[in-house]
Amino acid sequence: MKDTLRYLAGVAGPSGFGSKSTAEQVTQDHCSWSTTTPSSLTAIITGATSGIGFETARVLAKRGIRVVIPARDLKRAAEVKDRILKENPQAEIILSLLDLSSFASIKRFCSEFLSLGLPLNILINNAGKYCQNLEFSDDKVEMTFATNYLGHFLLTEMFIEKMINTAQQTGIEGRIINLSSVVHSWVKRGKFNFNNMLNPKNYNGTQAYAQSKLALILHTKYLAKQLEARNVNVTINAVHPGIVKTGIIGDLKGLVADSLFFMASKLLKSTSQGASTTCYVALSSRTNGLNGRYLADCNESPCSGLANDQSEAQKLWKQTQALIYKHLH
């Protein structure tokens with residue numbers, strides 16, 4: 001009850017920010033993060049054509065960051081670019097084609113980006129998909145798991161060396177942010193089965209979504225340990241943006257009674273508030289060195305016991321690597 005009241009009141013946590021803080025507010029100190037000019041920094045943001053992703057791209061561009069927006073719909077992405085440029089004509093926005101549910105599309109996008117010769121300082125794995133009914137990707141993997149987790153896992157794998165090299169050459173910490181959710185805690189240990197997530201026998205859209213968000217935290221925890229062992233200047237963290245009125249919430253509304261949804265809507269954040277934790281981790285000098293953590297409302301937050309299980313994280317990592325290797329080779 002106390003935490004709920006603090007959330008509703010927007011009481012600031014140790015970071016100085018809370019649930020009511022906006023993306024612009026939490027990035028005001030970004031210039032002290034590095035000694036370089038912001039225009040030399042590059043960020044890739046998935047799912048940036050709407051919702052939290054768009055607000056994240058808008059704010060990073062406003063702060064002088066070069067923003068790469070990969071998207072399935074380039075017409076929609078061009079409209080987003082125009083909106084950002086209308087507010088900030090000096091912004092540098094690069095568009096590229098990407099279907100996160102397709103391993104082949106991810107591979108093409110990564111090759112195209114690397115051929116540009118740009119640095120890569122920030123990777124924001126923001127895109128999220130919720131399927132009410134069972135769907136499969138071109139790789140014959142359940143669509144929610146393919147898009148939310150597997151796609152971002154492969155994207156990170158293909159860019160990690162580039163980010164390490166960029167950090168070495170510039171002395172600027174590379175930052176990877178995985179967009180997870182508090183719903184990861186809904187997954188019970190006995191229900192988290194890799195093969196069943198690829199091809200579920202009994203499909204439940206909410207469970208599939210929660211499992212994908214749990215997988216992203218396990219990915220964060222395991223990769224953070226690897227980066228620490230290599231002593232490289234790149235970090236990875238997971239964030240819960242809060243409950244924001246986005247397309248996914250719209251999909252869920254039909255499953256919830258109107259009266260319950262009305263009450264729940266009082267807890268919803270604005271898009272700018274929802275993007276704040278992502279932008280805080282991506283740009284704030286206060287998150288320098290933060291690695292392998294889970295944050296909500298711009299502050300470190302506890303995650304479930306299963307999400308903290310390193311043996312589970314290692315097992316998932318090995319299974320994911322084997323699956324991706326099989327498809328790509």
- Query: Which pairs, with at least one residue in residues 80-107 and sequence neighbours excluded, count as a ring pair (Phe, Tyr, Trp, His ring centres under 6.0 Å)?
  - Reply: F103-H327

- What heavy-atom pair brings I52 and T271 nearest, and what distance separates the two atoms? N-CG2, 3.8 Å

- salt bridge (Lys or Arg N to Asp or Glu O under 4.0 Å) contacts in which one or both residues fall within residues 132-154, not counting sequence neighbours: none

- Report the residues that fulfil ring pair (Phe, Tyr, Trp, His ring centres under 6.0 Å) with F153, sequence neighbours left out, ordered by chain and then residue number. Y149, H219, W317

- Item | Short N-O contact, D297 and K20, less than 4.0 angstrom | no

- Could you tell me the separation between the CG atom of L98 and the SG atom of C110, rounded to the nearest 0.5 Å? 7.5 Å

- Task: Please report the closest heavy-atom contact between N148 and S212, naming both atoms and the distance.
- Result: ND2-OG, 3.1 Å

- Message: What I want to find out is whether R76 reaches E79 closely enough, with some N-O distance under 4.0 Å, to be called a salt bridge.
- Response: no

- Query: Say you draw a straight line from OG1 of T42 to CZ of R66; how long is it, rounded to the nearest 0.5 Å?
  - Reply: 3.5 Å

- Name all residues meeting the ring pair (Phe, Tyr, Trp, His ring centres under 6.0 Å) criterion together with F113; count only those two or more places apart in sequence or in a different chain, and write none if there are none. F159

- Message: Can you pull out every salt bridge (Lys or Arg N to Asp or Glu O under 4.0 Å) where at least one residue sits in residues 208-235? Sequence neighbours excluded, please.
- Response: E161-R230

- Result for side-chain hydrogen bond (donor to acceptor under 3.5 Å, both in side chains) between R175 and one of N121, T235, T287 points to T287

- Message: Once rounded to the nearest 0.5 Å, what's the spacing between atom CD1 of I177 and atom OG1 of T278?
- Response: 7.0 Å

- Query: Should we count CG of D82 as having more than 12 external heavy atoms under 6.0 Å?
  - Reply: yes

- Message: Could you work out, with salt bridge (Lys or Arg N to Asp or Glu O under 4.0 Å) as the rule, every residue matching R72, not counting sequence neighbours?
- Response: none

- Item | Electrostatic pair E24:R58 at N-O distance under 4.0 angstrom | yes

- Note on the structure: Residues A61 and I84: closest non-hydrogen pair is CB-CG2, 3.7 Å

- Should the heavy atoms of other residues, nucleotides or ligands under 6.0 Å from NZ of K191 be counted, would the total exceed 12? no

- Task: Determine the minimum heavy-atom distance between L290 and N237, stating which atoms define it.
- Result: O-ND2, 2.8 Å

- Query: At what distance, to the nearest 0.5 angstrom, does CD of Q168 lie from CE of M163?
  - Reply: 12.5 Å

- Does some side-chain heavy atom of N178 sit less than 4.5 Å from a side-chain heavy atom of Y294? no

